[in-house]
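Take a look at the structure set out below.
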Protein chains: 4
Amino acid sequence: MSHRPGRHFLQIPGPTNVPDRVLRAIDAPTIDHRGPEFAQLGLEVLEGMRWVFGTEGPVVIYPASGTGAWEAAIVNTLSPGDKVIASETGHFATLWREMAERLGLDVVWLEGDWRHGADPERIADALDDDVKAVMVVHNETSTGVTSRIADVRAAMGDHDALLLVDTISSLASIDYRHDEWGVDVTVGGSQKGLMLPAGLSFNAVSQKALEASRDARMPRSYWDWKPIIAANEAGFWPYTSATNLLYGLKEAIAMLREEGLDNVFARHARHATATRAAVHGWGLEVLALDEREFSGSLTAVLLDGSDEVRRMILERYDMSLGAGLGKLKDQVFRIGHLGDFNDLMLAGTLAGVQMGLQLAGHDVGDGLTPALEVLKT
Amino acid sequence: MSHRPGRHFLQIPGPTNVPDRVLRAIDAPTIDHRGPEFAQLGLEVLEGMRWVFGTEGPVVIYPASGTGAWEAAIVNTLSPGDKVIASETGHFATLWREMAERLGLDVVWLEGDWRHGADPERIADALDDDVKAVMVVHNETSTGVTSRIADVRAAMGDHDALLLVDTISSLASIDYRHDEWGVDVTVGGSQKGLMLPAGLSFNAVSQKALEASRDARMPRSYWDWKPIIAANEAGFWPYTSATNLLYGLKEAIAMLREEGLDNVFARHARHATATRAAVHGWGLEVLALDEREFSGSLTAVLLDGSDEVRRMILERYDMSLGAGLGKLKDQVFRIGHLGDFNDLMLAGTLAGVQMGLQLAGHDVGDGLTPALEVLKT
Amino acid sequence: MSHRPGRHFLQIPGPTNVPDRVLRAIDAPTIDHRGPEFAQLGLEVLEGMRWVFGTEGPVVIYPASGTGAWEAAIVNTLSPGDKVIASETGHFATLWREMAERLGLDVVWLEGDWRHGADPERIADALDDDVKAVMVVHNETSTGVTSRIADVRAAMGDHDALLLVDTISSLASIDYRHDEWGVDVTVGGSQKGLMLPAGLSFNAVSQKALEASRDARMPRSYWDWKPIIAANEAGFWPYTSATNLLYGLKEAIAMLREEGLDNVFARHARHATATRAAVHGWGLEVLALDEREFSGSLTAVLLDGSDEVRRMILERYDMSLGAGLGKLKDQVFRIGHLGDFNDLMLAGTLAGVQMGLQLAGHDVGDGLTPALEVLKT
Amino acid sequence: MSHRPGRHFLQIPGPTNVPDRVLRAIDAPTIDHRGPEFAQLGLEVLEGMRWVFGTEGPVVIYPASGTGAWEAAIVNTLSPGDKVIASETGHFATLWREMAERLGLDVVWLEGDWRHGADPERIADALDDDVKAVMVVHNETSTGVTSRIADVRAAMGDHDALLLVDTISSLASIDYRHDEWGVDVTVGGSQKGLMLPAGLSFNAVSQKALEASRDARMPRSYWDWKPIIAANEAGFWPYTSATNLLYGLKEAIAMLREEGLDNVFARHARHATATRAAVHGWGLEVLALDEREFSGSLTAVLLDGSDEVRRMILERYDMSLGAGLGKLKDQVFRIGHLGDFNDLMLAGTLAGVQMGLQLAGHDVGDGLTPALEVLKT
């Protein structure tokens, strides 16, 4: 492949720009997955991930994509025919629902307009005695809408249903608290806020979910929490885990500790504010409609014909943006501003979007100046 | 962790010593998993893996450990209650059987002594009209015994049963031919002969297996071949694959092409011969009893009290060896001589074993000299 | 050191942002500096550097900083007491002059205002029969002024004096032609347009310079061209060269070939134009006064109190800019836009400068919009 | 280049096998050479190198090969025509003498047989009032002979001559104490015991040498200690140093601290003992004759026709050995056992030498067994 000068701007909403420290970490010789050095590594990343999820309970780390952790959340806690509630917040909520149905669940599907998060009231209304679980996507990567998980939990009252939450594109980017908010299974992935390449995914597991797993009757083997949690006690896995990605995870956790999770969340929120300021400056519309639900990790922008703009930006400015997915195809583009990212990278990103819009013939105004006003604060 | 001088000798039978070229390859910035550069990468590694497996059919690449690919082989082709035959060749055959039972299969278990491979005649005898599949571990990592797959297939005659084969510790180390031998699903992993870190696993799939997958009724989503094979047409995956491990896979395939698969197999066989010469020199016994079944990728050596020897070798000589697994615990040690490995690394390995045995009080003779005689040819 | 999110913007005029391909290249095991693999590497980078300098003659590669190559140019061609002409174009021209005097040369110093390049007419006027060499800095890194080397050479007519040119911050960024322009010794460094870390420097040597070196009587050993050029015939060096930096050099040359030197020069010129548009938009003044001499690799901007702005930009936006050097201390800041660099990195850079200026209380206008107008063409 | 499986055995006496930790360290983005992060790095490596040399005085770090540091030792302390004593211990002593003469010194050359170190008595006898310096190579890389520096210093009594010592192949491998032994300038390099790629070299400087530098009248600029030591006060260099190699140096020093210098020296001595045991087992002769002078970092072995053996070992076993240099060409081969090296690497090395000797038709006995006896202690 021929050289393009300078750094590619990978501004899709994940995978994100993997920092050099993480890349160098994964580029170390593999070690014996049953030896003492591995055990130390295993215990360290498990402890670190508990901190990231905000939980005292177990975190299960899979060598798998995020969809694997979706499946794990379901097969460990539910049985064929179980009734669950899911909210249509966008493309990934829809995919998770399809998986649930493929695995034999009976999904109550709360339809949505892809511009709002999960509605706590509607969920509460849909809860009946048969409901075994509520599935919510915390940050819908296809729309840039963040559902209010604490409110969902509160609305569920003392109902016995489990709360399963997907944080794939919010973990380590947007404030999240597994224990405090009363979530039962939180699903996460490595390739977004955690700043790793794809290849690891996670389940944070509440005590209640653990108990549910004893009676859950879906066939399961690879995803089964039990042998993994047992082996994790000593820092091991029942199979050969993705050692080199665990090296990267250790380094990523160290970087998050150095910056501080609160600072990480504030940084993402600030970049999201600056990005929305740019969108308004361009005279375009942010897909998310409720300001309580604006995503800190990405911003989806309404634009008919967005694919041609993205294509031109890739060709001219060597920047990748997220496409409209599912029914939003060619109707939005998505700007990822998450992971290992800073003000000047965002300024370069927004400059590239603005130039690309103009070159593609869209009569947009100056979005950069209002964005820089935010970045000066 | 405090520095130990020089290179660690990672002589477990996998994960293997990852070569620098592969480590540097995985240490490259992540790219857009839906962009044109990724598509080119995807098509290239898929084509390469077909070459490695010896097949014209599809190869499915999972971000998962090898146990995940075991599960994939089952859930894509079989239905709850199906009858399958499996041969007890060692620890991993036993684990695969347990998985099959956990997933609801009815396993006919051909017991074995862990010193022989799968017996083609016994399999043929066990085949009745209800048998849907035969499961064989090609190279049993716990014993260093290689089953004769072509003979198993021949013995099955024109029976309709599928042949599912685990090549996790033989792929790209020991001669293997998916199409020519008539295998239906071959299971592979990244961390052995492919010289990658753990984190990727594989299914090579015959036309007959594809057809079986249409009627197979195990619930499946993550492991489902169909959407993956469909997306693979254009070089993509239905989810975010482990991009950086795919970089490494591309490099590993290039290295295998440079050396030539036949040379790779011959090198492993030669190192196995030298290792057995050393074992005989020490006056010890190789676990494998049938010379047609000696493994090219590892050698298990009978030794009561082997764990103490391994511990001492790790401490004194910074070398990791494989432990006895399952019922062989503390009864054997295993020398991995696979992957990115050469004559002088083997000489160092065998020197370390010999010194460790002697330091641990085992009265062993000179195994190194006969091993070097092999390495001089 | 605590983590700062995202990439540092290293916008000093060198060392420049080393691309990942080069970093990975230098991160490979060292090889025998007298073996066949090294010889191939040596021949390849020597051939590549001839192409970069635009010469058919020898290029001498030193493991040394650029100042070492300055010294090499002098001690190989001149004798104590020799009269040379040097033009005061800025800080580095002044340092080179001081070195020449320390080494015993009689320097005729053509004073300048640090806002213009070397004046061909004044050099021609200063040439008398005693002058042995003319020393010119092609691109003055302290001022962003590029001297017109071809014009200097033309003005020298058929005078016998050698022409020694420093291209440390112009090589592989700004058009340069050692042979065509009749230069005798060109001095280069690795850490600017060549996109390498510092540690290698270069002399491109004309036939006339080689002849002069036979009679030159400065004591010399390390810098002596003769044994190096002799050993280079076979791809070796008389001592252990900096092998791993040579790996990087090979990769950097490959990248320059992929992009094409003319495209590299055009890219730098375009970024310089955009940067000057930003400076004008801010209402500030570019240090360089003659448009024929605007540098393609950096832009120096007049600003009283620039050190405080730079400090604030480093702290707030994690960007390093070049300081005013020598008599320009705190009077200018310098924006490096050379090496492995692209449009969006420049946009981020200029955004950072603009915000920093404003935060430091400078009442500057919008420079970004006019810069983006350039980047849209 | 086509793939050769496994690790190359780089058993020349330097450059040595660079450990992964060091390679990864040099593979980090370059930073501003005038910024605060660089200053911290500079101060840290300068402090570390004082510890390595065993001195409280300044250590000057050059981006240069070891020959550059040779030149620096001379031009900073001596004047044209000065009389110095040098001992012919081998090829590198001869090269240093030639450099000294090229730089205008009057060298009293104490001839030797290349099988002994510098003779303290002969040096003492040669000292007269005119002698300004004594030059000794601590560990002669061409012969594997280590001169007794403390004895040389003692033999010099209270004579005013400076003592200049080359430790290029002994530093961080063989016990050395700049201050305690009263050395004035110690010359070192990065690519041997320091486990770095080539490209950095060193002068450790006594107070007396600093004083001598004030009156020394050799022309000097690049090598001049004064501006470097001045800039080093704050952690900087007067020019752009080889930043990425300094990253590696920091890591190497950390590794030496973790292991402990005394352990490092003991490890090298032990490996040398084992190597000599192998040589005796083969029935060959070690070049060094005085057991007080056996080198810890390499062993030269007498063998007529050694080049063919080395060629065959490279081809068959992918191992590089050192050739006979100068008048020893094809008469010896040299085994490097220094740097990042351990017992099993040595066992592999000696196995390769033994097999190569036998394959080349030399009727050698078993050297491996006696070597392993040493490695078991």
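Residue numbering restarts at 1 for every chain, and letters A, B, ... go by the order of the sequence lines.
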C:Leu23 vs A:Asp20 side-chain heavy atoms within contact, under 4.5 Å: no
Considering only heavy atoms, which portion of [X] lies under 4.5 Å from any heavy atom of chain A: side chain, backbone, both, or neither?
X	value
C:Arg24	side chain
C:Asn263	neither
C:Asn17	neither
C:Phe9	side chain

Residues 367-377 of chain A: residues contacting chain C (heavy atom under 4.5 Å, by number): A:Leu368, A:Thr369, A:Leu372, A:Leu375, A:Lys376, A:Thr377
Contact winner vs chain A - C:Gly348, C:Ala347, C:Pro5, C:Ala351, heavy-atom pairs under 4.5 Å: C:Pro5
Separation between NE2 of C:His8 and CG of A:Asn342, rounded to the nearest 0.5 Å: 10.0 Å
Side chain to side chain contact (heavy atoms under 4.5 Å, CB included) partner of A:Leu344, the single match among C:Arg7, C:Met345, C:Met319: C:Met319
Close contacts, residues 305-316 of chain C versus chain A, judged by heavy atoms under 4.5 Å: C:Arg316
C:Asp340 (side chain) donor-acceptor with A:Gly6 (main chain) under 3.5 angstrom: yes
Contact class of A:Arg257 relative to chain C, heavy atoms under 4.5 angstrom: neither
